[in-house]
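Working notes, beginning with the structure itself.
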Amino acid sequence: MGVKTILAPIPGTFYRSAAPDQPVLKNEGDAVAKGDVIGIIEVMKTFTQIQAEEAGQLVRFLVDDEDAVMAGQPLYELGV
C-alpha cells in the first residue's frame with residue numbers, strides 16, 4: 001500500500017467535524033471512499049468541504065482540529 005499526502009486547497013481554519021457539537025467526520029484508520037468528506041476549511045465564514053479524491057484508508061492527520069492552514073500545506077495521509 002502506498003501513502004499519498006493530501007494538501008489543503010485553500011488557506012483557513014481546518015475542522016474535523018461539521019459543527020462543534022457533531023462527531024468528527026473521519027478518524028485515523030477509517031476507510032475512505034471517493035467523495036467522502038474528510039474535513040472542512042473555513043475562511044471568512046465560508047466553509048469548504050475537503051473531499052477524498054480517491055478511495056483508501058486514512059492513515060493519519062498532519063494538522064489538528066482548529067489549526068490554521070495554508071494552501072498547499074499537508075492535511076492528512078491516505079493509504080491507497
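This one's a predicted model, so the numbers in the text were calculated from it and none came from an experiment.
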Quiz item: Would you say Val32 and Val63 are hydrophobically clustered, going by side-chain heavy atoms of ILVMFWY under 4.5 Å?
Solution: yes
Quiz item: Closest approach of Ala52 and Ala33, non-hydrogen atoms and distance?
Solution: CB-O, 3.6 Å
Sequence neighbours left out, cut at 3.5 Å: what donor-acceptor pairs do the side chains of residues 41-51 make with other protein atoms?
unit_1: Glu42; atom_1: OE2; unit_2: Met44; atom_2: N; d: 3.3
unit_1: Glu42; atom_1: OE2; unit_2: Lys45; atom_2: N; d: 2.7

Distance-only donor-acceptor pairs under 3.5 Å for side chains of residues 67-80, two or more places apart:
unit_1: Asp67; atom_1: OD2; unit_2: Asp64; atom_2: N; d: 2.8
unit_1: Gln73; atom_1: OE1; unit_2: Met70; atom_2: N; d: 3.0
unit_1: Glu77; atom_1: OE1; unit_2: Arg60; atom_2: NE; d: 3.0
unit_1: Glu77; atom_1: OE2; unit_2: Arg60; atom_2: NH2; d: 3.4

Quiz item: If you round to the nearest 0.5 Å, how far is CG of Asp30 from CD of Glu28?
Solution: 9.5 Å
Quiz item: Linking I/L/V/M/F/W/Y whenever any side-chain heavy atoms sit under 4.5 Å apart, do Leu58 and Ile6 land together?
Solution: yes
Quiz item: Quick one: does Asp65's side chain have a donor or acceptor within less than 3.5 Å of a partner on Arg16's backbone?
Solution: yes
Practice problem: To the nearest 0.5 Å, tell me how far Phe14 CZ sits from Glu66 CD. | Solution: 11.5 Å
Quiz prompt | Over all atoms of both residues, closest heavy-atom pair of Ser17 and Gln22 | solution = CB-O, 3.5 Å
